[in-house]
Amino acid sequence: MTAPAKLIAALAVVAIGAFAAFLLTPQRVAPEARFATLAGESFVTSELRGKVTVVNFWATWCPECVKEMPAMIGAYRRYAPRGYEMIAVAVRDQPESVASFTRRSALPFKVAVDRGGEIAKQFGNVRITPTTFVIDRKGRLLKRYIGEPEWNDFNRVVEKALAEPA
């Protein structure tokens, strides 16, 4: 066997091994966080199984977070009838400011305040807002967006997840 043929064979073995490892690696499951909403509702992540869920870490003092909210509202209205849920988790924010913004903006989805930072820690120690996670119907993390999502990609990920059975 010639040197180039050996190199090609070695690269093929490495590529096949990497692909097999990728296929055999389980997808990461969303953390079992407890949410307390402004509306007084309390639930844990696993109770949302069966729905495609978006968890968005944001703050009223974050200009990019405020800027992305109309698109988040639009996504919620478009996808909710098909089994989509969203939780906007306010971090490092005052509950009164969050409640006022929620009323003024008529946010149609669940809004929680992460007072002690526990939810952010459970989702990988989120420190940057906005940070958004898409979770499939089986509770697996599909995608994390740091900063405002690229909306075409976000919609593609959500559409694909909604098409999958629970």
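Bear in mind the structure is a predicted one, so any value in this text is a computation, not a measurement. Note that the numbering runs from 1 along the sequence shown for the chain.
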Rounding to 0.5 Å, atoms CD1 (Ile146) and CD1 (Ile128) come to a distance of 5.5 Å
Per side chain to side chain contact (heavy atoms under 4.5 Å, CB included), Thr132 is matched among Met72, Arg144, Lys143 by Met72
Look up atom CZ in Arg49 and atom CG in Asp136, then write down how far apart they are to the nearest 0.5 Å.
9.0 Å
Phe57 and Phe133 aromatic ring geometry - parallel, tilted or perpendicular at 30°/60° bounds
perpendicular
Looking only at side-chain N and O atoms, does Ser46 offer a donor or acceptor that is under 3.5 Å from a partner on Glu32?
yes
Look up atom CD in Gln122 and atom CG in Asp114, then write down how far apart they are to the nearest 0.5 Å.
8.5 Å
Do the non-hydrogen side-chain atoms of Glu47 and Val44 ever get within less than 4.5 Å of each other?
yes
Taking atom types as modelled, is there a side-chain donor on Tyr79 or Asn155 under 3.5 Å from an acceptor on the other?
yes
Which distance, rounded to the nearest 0.5 Å, do you find between the CZ of Phe123 and the OG1 of Thr131?
11.5 Å
I'd like to know if Trp61 and Leu107 are part of one continuous hydrophobic network [Ile/Leu/Val/Met/Phe/Trp/Tyr, side-chain heavy atoms within less than 4.5 Å].
no
Is a side-chain donor or acceptor of Gln94 paired with a backbone partner of Ser97 at a separation under 3.5 angstrom?
no
Inspect the surroundings of CZ in Arg34 and state if more than 12 heavy atoms from other residues, nucleotides or ligands are less than 6.0 Å away.
yes
In plain terms, say whether Arg137 and Glu164 are close enough for a salt bridge, that is, a side-chain N and a carboxylate O under 4.0 Å apart.
no
SB check Lys121 Glu118 (cutoff 4.0 Å):
yes
Are Trp58 and Phe101 near enough that their ring centres are under 6.0 Å apart?
yes
Taking the six-membered ring for Trp, are Tyr76 and Phe109 parallel (under 30°), tilted (30 to 60°) or perpendicular (over 60°)?
perpendicular
Going through the checks in order, is the side chain to side chain contact (heavy atoms under 4.5 Å, CB included) test met by Ile135 and Val55?
CA-CA 8 Å; Ile135 303 167; Val55 179; 3.9 Å; yes
Between Glu148 and Cys65 (side chain of the first, backbone of the second, donor and acceptor by atom type, cut-off under 3.5 Å), is there such a pair?
no
List the steps, then state whether side chain to side chain contact (heavy atoms under 4.5 Å, CB included) holds for Val111 with Val98.
CA-CA 8 Å; Val111 178; Val98 176; 3.6 Å; yes
Counting neighbours of CZ on Arg78 that are heavy atoms of other residues, nucleotides or ligands and sit closer than 6.0 Å, is the number greater than 12?
yes
I would like to know whether Tyr84 and Thr53 meet side chain to side chain contact (heavy atoms under 4.5 Å, CB included); could you show each step before the answer?
CA-CA 6 Å; Tyr84 175 95; Thr53 303; over 6 Å; no
Between Arg82 and Lys51, is a side chain to side chain contact (heavy atoms under 4.5 Å, CB included) present by the stated rule, with each step listed?
CA-CA 9 Å; Arg82 295 173 51 200; Lys51 292 185 175 189; over 6 Å; no
For residues Arg77 and Ala106, report the shortest heavy-atom separation together with the two atoms involved.
NH2-O, 4.1 Å
